[in-house]
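Only one structure is covered here, and it is reproduced in the block below.
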Amino acid sequence: MSYCPNTPEDIREMLAAIGKGSVEELFEPIHHTLRAKSFNLPAGISEQELLVKMQELAACDRHLINFIGGGYYDHHIPAVVDHLSGRAEFYTAYTPYQPECSQGTLQALFEYQTAICRLTGMEVSNASLYDGGTALAEAAMMALRITGRNRVVIDASVNPFARQIVATYLKNIGVEMVEIPTSSGSADRSALTEALTGDVAAVMVQNPNFFGSIEDLTAISQAAHAKGALLVTSVYPISLGLIKSPGEMGADIVVGDGQSLGNPLAFGGPSFGFIATTKKYIRNLPGRIIGETIDKEGRRGFVLTLQAREQHIKRHKATSNICSNQSLCALRGLIFLASVGKEGMVELANLNRDKAEYAKERLGSIRGVRVLNRGATFNEFTLELPKDAADVVRTLMEKGIAAGVPLGEYYAGMANCMVVTVTEKRSRGEIEALAEALEASL
Amino acid sequence: MSYCPNTPEDIREMLAAIGKGSVEELFEPIHHTLRAKSFNLPAGISEQELLVKMQELAACDRHLINFIGGGYYDHHIPAVVDHLSGRAEFYTAYTPYQPECSQGTLQALFEYQTAICRLTGMEVSNASLYDGGTALAEAAMMALRITGRNRVVIDASVNPFARQIVATYLKNIGVEMVEIPTSSGSADRSALTEALTGDVAAVMVQNPNFFGSIEDLTAISQAAHAKGALLVTSVYPISLGLIKSPGEMGADIVVGDGQSLGNPLAFGGPSFGFIATTKKYIRNLPGRIIGETIDKEGRRGFVLTLQAREQHIKRHKATSNICSNQSLCALRGLIFLASVGKEGMVELANLNRDKAEYAKERLGSIRGVRVLNRGATFNEFTLELPKDAADVVRTLMEKGIAAGVPLGEYYAGMANCMVVTVTEKRSRGEIEALAEALEASL
Amino acid sequence: MKLIFEQSVPGRRGLKLPIADVPKAAPLPDNLVRFEPAQLPEVSELDLVRHFTGLSRRNFSVDGNFYPLGSCTMKYNAKVTENAAALFAGTHPMTALLPEGDTSAQGSLCLLLEVSRLLAEITGMDEVSCQPLAGAHGEMTGIMLIAAYHRAKGNKKKYVIVPDSSHGTNPASAAMVGYEVITIPSASYGDMDLDAYRAAMNGEVAAVMMTCPNTLGLFNPHISEICDIAHEHDALMYYDGANLNAILGKVRPGDVGFDVIHVNLHKTFGTPHGGGGPGSGPVGVKKALIPFLPGPRIVKHADGRCGLEKDNSQSIGRVANFFGNFGVIVKAYAYMTMLGREGLIQVSEQAVLNANYMLARLKGHFDVPFDQTCMHECVFSASRQVKQGVHAIDIAKYLIDRGYHPPTVYFPLNVKEAIMIEPTETESKETMDAFIEIMIEAARMAETNPDMLHEAPITMPVGRLDETKAAREQNVCFG
Amino acid sequence: MKLIFEQSVPGRRGLKLPIADVPKAAPLPDNLVRFEPAQLPEVSELDLVRHFTGLSRRNFSVDGNFYPLGSCTMKYNAKVTENAAALFAGTHPMTALLPEGDTSAQGSLCLLLEVSRLLAEITGMDEVSCQPLAGAHGEMTGIMLIAAYHRAKGNKKKYVIVPDSSHGTNPASAAMVGYEVITIPSASYGDMDLDAYRAAMNGEVAAVMMTCPNTLGLFNPHISEICDIAHEHDALMYYDGANLNAILGKVRPGDVGFDVIHVNLHKTFGTPHGGGGPGSGPVGVKKALIPFLPGPRIVKHADGRCGLEKDNSQSIGRVANFFGNFGVIVKAYAYMTMLGREGLIQVSEQAVLNANYMLARLKGHFDVPFDQTCMHECVFSASRQVKQGVHAIDIAKYLIDRGYHPPTVYFPLNVKEAIMIEPTETESKETMDAFIEIMIEAARMAETNPDMLHEAPITMPVGRLDETKAAREQNVCFG
């Protein structure tokens, strides 16, 4: 296949205009010693052959009944999300550098920012980051910039992958990341408070946390603020239909992964990260921000704003190196939120929790199985099994069920535990199938 | 699910404006004795539940390797066809009654008409009919109108389904349809010529015919014209990349099914029928026709034209009752033809024939199997087996292969025969699998 | 915009084809070979994409614009139905016709059977065939069924009665089946005059075709009597289902006395209209007509499997290649299944509410030929505006400039300068209010600035087009 | 257009949710419950569809417009790659991380491995990680790898060198990893001045970041020497792959002496840019840096299965939640697979041909800061037009009125009034000729009617917007 349109006749005419005898002459600025030593790639194929090949490859992934989460969730995606984000004018455009011919993207992203602010209870949002994990890292960097301090405290019940990303980011810039071990699936509040020394830029927590537990973070935010530190909260957006918003709890920076808002599982991407904060920190936000303004005739329009923070102007003094973000995924998030809507988000969150509570009760009543979470949970919970959870998960996978995420790899001493996720897509029958298979495996 | 937007508050306000107390009052013009005696339908479900249900239902269709045609063909559909015909402005618009805000549809259909003319070698085309079979029936009606005669002669090697449709249409209007039996898969030319009495409006043939044979119809068209009859030809559009066009052979009306041009199999529809003729018969064409014109400033534009022939003006004197046609499918056909393009159509036709010739040779060399076609074939051919073809097809279907269309049901004395179709999508490996399975079944 | 043919460059390619995995065949004999390739476009895939993307942007559409085109039911087309249809795109229709092939097509066959059953319940008919490919095709099929019925009974029938407000397809379909058409004028209540109908009825009448509510959006108060009179003469009652959207769950034509019905799935059941098709026109009948339905009929076997009826000697035969516009039927099934009983009732209630709201708000500004409670659509006349030299067409064109697809104009034929508005149930009050304001503005401009209306539209790629030139020159194929 | 929030009506609903098939759970404790629902839009599905359809129509895009945005490689995005990606939408990324979960995700894992191998061959690197989520993310990851390399060797490094023509992301990424940035001015040949570079190099330099061809579309004639000098100081050479589209099959950065590279899949490998993302920024390295690659690395087991590396203690760690922007990677894989070796070589040849044609045709009308054979893009300056008071931005805005997305303007920073045109290989000569004519017209208008250029654009929904007001008021959230 080739998507190059020019015919031999076109090429002749163009070379004549350039004044060259061949296309090869155009590459003469590149010394022959620098030429490719190898370019050993397969021959091209047609579109028809490609589809056969891709179908064969896709068939090598097994379809499982997903009770796994870990930051990515198997939610229903309203059909409108694909249809509208699939409009060519959205997906084949680029960053809206020229606002007059990009009002579609710009207004949509302004609406996205508004939706994120309203969902999180914060005042300002950027136009998206890469994913939830990198958003948490960016939030750490942002807190460091704002406070001028060089230490962050992070609760171990934050998603382990996200913590690894934060660690990767902070490793090179001489910032210490203090991890507070979790106590049976909850943040250890006294340890967190103790760690709050005067050089701490941020306390970083997740709600619901990796074990599925929900907490009121108000006290933690007050403790942080008392020490001049910021509260950074990572949230699961679907839960915000039901759970007190981070804004209400006093968070300073809120991040999360937007996959659950209308983006497919797709083996982990693309999704988007969101970040929201209070107005006073807007200049410290990383990434693109869209602002409202007017033209000469007073017509409302939207533009990329506060670009002076960004790399293409500020270069090494920029707030972040981010350039392309996840615009189309953020658009999907916006369409998802507008489709589900105000009341729908409450219902959706309740539906997730109702299913999960049912499953928690059903699975928790299996002989030898114990629910680890001490308090409330949303749509995930942690089970302690009478045997190695990895073995159980392995066994159930053979039956086509991804039963949960075993914790041994991520938390010392928790080899018998696994986190089970139940979204609105899991039917009562599927929950029963999980329960029976689990029972049989113990 | 419901797509009604109005809230109880909206409804209250609207009723107040109307001056009614309830929605039910609006139905008072309908006497209570006329009210529905039953409306026993299932309760509604959500989009999410619908998709689960539809996936389960779709999974009840088995995927087979298709060596069957019979008027519908398993061709590759270029990805652009779905993406472009899926533009909401195309598929959620209606008949372009208001040309100024419908130039997209109108220009596309004008281009479609042009493509059909060029493909068939004819001068004018309408903007589509329902399918190939009804197009053949409309062609018969058209020939009757043009000639003022009341008899048609049809070759039995025309697709049996299409012949049945023609018969259904003609049954009520006192027109005789004379069917000329086929001789070993070819038109019986002498019988056709003999049947050409002075009251025959049209000779109706198909090329390639139902058995897959290709013929030069020039002599038949000359014979028909000599008797004042028209030649109506049904064609398989993919074959026109290679085979002499009906226009070159002297056809007066050319019809066919457009499914093979970018429309999915979809259990038989929707596709489109096309009909093309010479300029002198344009006023006798059924269905919509798009014409070029200009506006006051001389800008080119396109409109529905010659509407005086149509039912909404001419009512019972219309050339046809057709109103909605298959516009979107015709658009798909146009995009298909523009994507494959001039050279591509030649290559595609050759690729189909190359595969079919290979299969014909391979299958024809199986002991006891004989190729029935005496002359050239395109991408279908007829095999005579040493046993009942229906039994063989049944056996091979169990192995996931739809081996061909057995002819016993359609042609007396041909129970041992079946038509095998090989499109560009069938691989050499699949052909080999068919051959081996066929060998094993005999 | 240039035509795609005008963008052609010799040798330029779009799609590439696979390289053959079989040897090249010997060439065809010369007399069978095409002399030169068809002059199809030679464009790159990008140019193709830009061309059709650009063309699409020159259309108004339901997804882009309020589209209150009367008698066409331009409601919202739920996107999920597209996804549902895509699940069924791969099954070859011949599969079901192969020996025991029905076992390999149970999903598609059972879906068709289920749609038939749902439609039978919705319309009050005893059986439904999904084979007809569009509304008019369903009409013609219905009249063929009636002809077969009379033929089987030995009835000598010659005429079909239609009211003057009927869709043009009604008389055209009757004529396609060989009947002569008797047109009955409308009475003061906006539908077929009962006395004139009674006078026209005789033993040679095969059928009476009614749209109910009719094209004025009015429900005929004498419908029972009309049915009775027909049946006394062994004439069958044909129900044109174009306006079924008004009466879901409220009235079932079968209960009222109709014998045959067609349903426009793309209207009432929300499948996209595709710029003029594909539609789908299933036909429903009372018991006495079942034997005549087009074949092959889909039936449920005793073991629960779905299959094709083998013996159908009384059938009128095929009216389409296979089983109907299946892809459209899948979408309609998805729509019906999602909405369910209550949702479908709500459809009609809200459609009727919206139309009456439109009528109430606009009747001070435009003449109303029949001022009654309407059903799902309402008809105005621009006759008041004509006095200022402004015609229905001028108002229509002005609406285009304001971003609205015009209502149907100049139909039904029995209303002068008709403007026929069908908002459908999927439009919100806000959308209607905004449209109403523009309509009122147009009425005001007819008084104050008629020239501006005559000039409209001015915001489109082309202004009003010379239709006479088009009809005279018959330039229907490029080059 | 109104905001979606401005269309909200209390109680109006879009999507409906399933009714629970489980009992209602006991309510959450009050202190955990949200006080009031988030004020999300309350709109019908039709209003939602009209809103976003309408918004989409307010964008220029590759499918709608020639989009020669320099340094962004806005080539045609093959539609079939969308279909390919849809096939892989359903696999949960955690699947592969479960015990023996890799066996349930062989399709996705092997695709990732295959893409890595293809990219390694294309770039001349020894191994590639697909984890970074965008170009700048890949850059940062690359610099982290370099930091890890130096750390492991005990090197004390402090600086990263970049040329003044570099993308802003280069210095920003270096800074994110804690390095100080040294910027080297350009020489008369349009790229980093060799003497200044030599002077700046020292033992504390960790890396040199080059774009090659650079942002002027020029291939640095001293690139080998630059690499050698760096390596003499144990500084690593970083290749910014933004402009890789120019050199496929012609030059491999790994062969030239680069140690680390990132590739923008959305640029060179034709995945859609999504209005600003998602991109994908795989990072490739030479052997010495493999141990530091982000984990979990995808490996091929002896039995041919693909899986995840268990031990990766030297890894810099994760840079993303899972395995990268997988959906984007699938599209890039589809693109590479279709084009194959010859197709990819043709990409660069035609991209370079198109850019040189643009340069040849326009250089009489606009100043050319570095008049040489260019690679895949060419840079002009509007400095001649500035004398008439017309700036690069005015020309850009005029192009909008003529239906073209403007080229990149005011970048690279080392060219005054820069106009940077990258036609890409997927544009036809006709498209370029039409664009060239409009550019020439703009140059002429700068002489004859500069005011008209200052007023542009006039055909868009808004004219030039007040960016100062936006930055001052910081109205970034509605209501």
Side-chain angles (χ1 to χ4, degrees), chain A residues 1 4-5 10 14 18 36 39 41 44 54 58 60-62 68 70 84 87-89 91-95 100-101 103-105 114 117 130 133 164 168 172-173 264 266-270 291-293 295 301 305 311-312 315-316 318 321 323-325 327-328 338-339 342 357-358 390 394 428, chain D residues 14 21-22 25 40-41 52 55-56 58-63 84 87 89 91 93-94 99 104 106-108 133-134 136 168 171-173 175 178 181 249 252 272-279 317-318 321-322 325-327 338 340-341 343 350 357 360 428-429 460 462-463 465 470 475 477-478:
Chain A
M1 194 62 208
C4 297
D10 291 330
M14 290 163 71
I18 298 167
F39 201 64
L41 301 171
M54 297 302 271
C60 300
D61 279 5
R62 267 178 80 207
I68 49 179
L84 294 171
R87 295 271 310 168
E89 292 94 330
Y91 80 83
T92 73
Y94 202 25
T95 306
E100 300 88 350
C101 59
Q103 283 297 302
T105 293
T114 303
C117 288
Y130 302 133
Q164 287 172 33
T168 302
N172 298 291
I173 53 172
F267 208 54
E292 183 185 319
T293 186
D295 71 3
T305 194
Q311 34 68 34
H312 59 287
R315 297 180 68 85
H316 64 276
N321 70 331
C323 178
S324 288
N325 51 25
S327 197
L328 192 70
S339 167
K342 177 182 162 184
E357 288 294 303
Y358 175 81
R394 197 180 289 115
R428 188 169 183 154
Chain D
D21 57 359
V22 297
L40 296 172
F52 287 103
L55 282 184
S56 77
R58 296 183 157 217
N59 265 6
F60 278 14
S61 65
V62 171
D63 279 10
L87 296 170
T91 306
M94 282 301 300
S104 292
Q106 283 297 298
S108 295
L133 300 171
S173 297
V181 174
R252 304 194 313 165
H273 287 53
R318 265 173 211 269
N321 277 349
F322 295 107
N325 274 342
F326 181 75
M338 271 194 297
R341 182 179 188 279
Q350 295 295 313
Y357 179 67
S428 64
K429 179 171 176 295
M460 294 290 109
V462 292
L465 290 159
N475 185 354
C477 170
F478 173 68

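The sequence lines fix the lettering, A, B, ..., with proteins before strands; numbering per chain opens at 1.
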Residue pair A/Phe267 / D/Phe322: nearest heavy atoms and the distance that separates them:
O-CB, 4.5 Å
Donor-acceptor under 3.5 Å (A/Thr92 side chain, D/Asp63 main chain):
yes
Using ring-ring contact (aromatic ring centres under 6.0 Å, His included) as the criterion, list what pairs up with A/Tyr94, not counting sequence neighbours.
D/His273
Using 0.5 Å steps for rounding, measure from the OH atom of A/Tyr130 to the CG atom of D/Asn321.
14.0 Å
Applying side-chain contact (heavy atoms from CB on, under 4.5 Å), can you list everything that pairs with D/Ala25, at least two apart in sequence or on another chain?
A/Arg353, A/Asp354, A/Glu357
Do the side chain of D/Asn59 and the main chain of A/Glu89 share a donor and acceptor less than 3.5 angstrom apart?
yes
Measure from the side-chain N and O atoms of A/Asp295 to the backbone N and O of D/Val462, and report whether any donor-acceptor pair falls under 3.5 Å.
no
For a 4.5 angstrom cut-off between non-hydrogen side-chain atoms, does A/Gln103 reach D/Leu465?
yes
Name the option with the most non-hydrogen atom pairs under 4.5 Å to chain A; the candidates are D/Gly275, D/Ala175, D/Pro99.
D/Gly275
Can you tell me which portion of A/Tyr358 sits under 4.5 Å from chain D's heavy atoms? Options are side chain, backbone, both or neither.
side chain
Mark yes or no for whether D/Arg341, through its side chain, and A/Phe39, through its backbone, hold a donor-acceptor pair below 3.5 Å.
yes
Any side-chain heavy-atom pair of A/Pro270 and D/Leu133 under 4.5 Å:
no
Atom pair CE (A/Met54) and CE (D/Met338), whose distance is rounded to the nearest 0.5 Å
9.0 Å
In this structure, CD of A/Glu292 is separated from CG of D/Asn475 (nearest 0.5 Å) by 4.5 Å
Okay, D/Val181 and chain A: the region with an atom under 4.5 Å from a heavy atom over there is side chain
Please check this pair: side chain of A/Thr114 against backbone of D/Phe478, looking for a donor-acceptor N/O pair closer than 3.5 Å.
yes
Once you round to the nearest 0.5 Å, how far does OG of D/Ser104 lie from CZ of A/Arg62?
4.0 Å
Which bit of A/Ile68 comes within less than 4.5 Å of chain D, counting heavy atoms only: side chain, backbone, both or neither?
both
Would you mind telling me which of D/Ser428, D/Gly343, D/Gly340, D/Gly277 has the largest number of heavy-atom pairs within less than 4.5 Å of chain A?
D/Gly277
Taking side chain as everything from C-beta outward and backbone as N, CA, C, O, which of these in A/Arg87 sits under 4.5 Å from a heavy atom of chain D? Side chain, backbone, both or neither.
side chain
D/Ala470 versus A/Thr305, closest heavy-atom pair with distance
C-OG1, 3.4 Å
Taking all atoms of both residues into account, what is the closest heavy-atom pair of A/Asn321 and D/Ser173, and its distance?
ND2-OG, 2.8 Å
